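Notes for the one structure printed next.
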Amino acid sequence: PKTNSNQGKRLTPTDIRKQKGKEPIVMLTAYTAAMARALDSHVDLLLVGDSLGMVLYGYDNTLKVTIEMMIRHGSAVVRASRHAGVVVDLPFGSYQESPQVAYRNAAMILAETGCSAVKLEGGQEMAETVSFLVQRGVPVMGHIGLTPQYINTIGGFRAQGRTASEAETLKTDAVAISEAGAFAIVAEAMPMETGAAVTKSASASIIGIGAGECCDGQILVTHDILGLAGSFKPRFVKQYVDLDAQMRTAAEDFSKEVRSRSFPNKTYNYQLKRPE
Ligand code: KIV
């Protein structure tokens with residue numbers, strides 16, 4: 001059931017910012033029309049994350065994801081949803097070079113997909129870009145902490161903000177991105193205390209993933225909660241069902257029935273038209 005009061009109308013970045021400190025913000029990733037249809041009424045935001053490179057395409061990281069991929073998947077998710085705001089990730093290399101390059105690519109993604117906002121990774125160093133986009137009509141969600149597009153410089157998928165000075169840097173990042181105009185910020189993989197401090201410092205809504213219970217909202221990768229993401233399972237993932245096991249069972253049953261010629265049978269057959 002929808003829990004947000006804005007039923008019947010797609011939620012906007014402004015609605016999400018207003019939820020800060022009032023109602024928990026619920027966000028899940030979606031990459032296809034089928035996923036969007038199933039999740040739409042249960043969440044406030046759908047993220048067409050560049051995690052699709054890993055969970056849909058089987059890459060080791062998100063660096064090979066392209067703008068074209070984001071546009072295809074983003075359009076499918078927008079078409080198949082009507083309640084949740086849809087945020088599309090700007091892929092690696094599409095925004096880091098300059099605010100102008102970021103604007104050109106973000107505007108194309110916004111126009112081609114009809115999404116509500118784009119998301120980009122980075123702290124204080126991205127504040128100028130966030131401000132450039134927001135001032136020119138592109139709503140932006142930030143992403144700090146463990147930022148998978150920086151995998152080669154942060155040295156792996158590991159928690160951030162575990163020392164006092166790292167936590168202080170993350171607070172400064174959150175405030176800078178928030179003051180630049182981001183309506184929300186994903187805070188990934190940090191101790192609960194750091195997540196709480198970031199949430200308290202920034203006026204943007206903080207959506208945690210492995211950042212503890214004090215954030216303004218929570219997001220998980222949908223393939224992780226469904227048990228479809230393979231063997232790597234970060235500490236912060238709660239798996240709610242095992243669709244991988246169910247898929248294997250369905251395939252096994254289908255295979256047995258085809259081999260034993262018990263499927264198809266008359267229930268699934270078309271009938272000949274009888275001559276009149
Ligand atoms: O790409 C993605 O799915 C993300 C989430 C992990 C927040 O950025």
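Read the numbers this way: they start at 1 and go in the same order the structure lists the ligands and their atoms. The shown structure was predicted, so the numbers you read here are calculated from the model rather than taken from an experiment.
- Judged as a side chain to side chain donor-acceptor pair (under 3.5 Å), the pairs with a partner in residues 266-276 (not counting sequence neighbours) are, in order, Asn265-Thr267.
- Below 30°, between 30° and 60°, or above 60°: for Phe232 and Phe157 the angle between ring planes is between 30° and 60°, a tilted geometry.
- Defined by atom type and a distance below 3.5 Å, a donor-acceptor pair is missing between the side-chain atoms of Thr129 and Tyr103.
- Between Glu252 and Lys256, at least one side-chain nitrogen of the basic residue sits less than 4.0 Å from a carboxylate oxygen of the acidic one, meeting the salt-bridge criterion.
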Between ligand 1 and the protein, give all atom pairs where both partners are nitrogen or oxygen and the distance is under 3.5 Å, as lines of names plus distance to 0.1 Å.
from: ligand 1; atom 1: 1 (O); to: Asp50; atom 2: N; distance (Å): 3.2
from: ligand 1; atom 1: 1 (O); to: Asp50; atom 2: OD1; distance (Å): 3.1
from: ligand 1; atom 1: 1 (O); to: Ser51; atom 2: N; distance (Å): 3.0
from: ligand 1; atom 1: 1 (O); to: Ser51; atom 2: OG; distance (Å): 3.3
from: ligand 1; atom 1: 1 (O); to: Asp89; atom 2: OD2; distance (Å): 3.2
from: ligand 1; atom 1: 3 (O); to: Ser51; atom 2: OG; distance (Å): 2.5
from: ligand 1; atom 1: 8 (O); to: Lys119; atom 2: NZ; distance (Å): 2.8

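- The salt bridge (Lys or Arg N to Asp or Glu O under 4.0 Å) pairs that include a residue from residues 101-125 are Asp89-Lys119, where partners are two or more places apart or lie in different chains.
- Here side chain to side chain donor-acceptor pair (under 3.5 Å) pairs that include residues 212-227, with residues two or more places apart or in two chains, are Lys20-Asp216, Thr29-Thr222.
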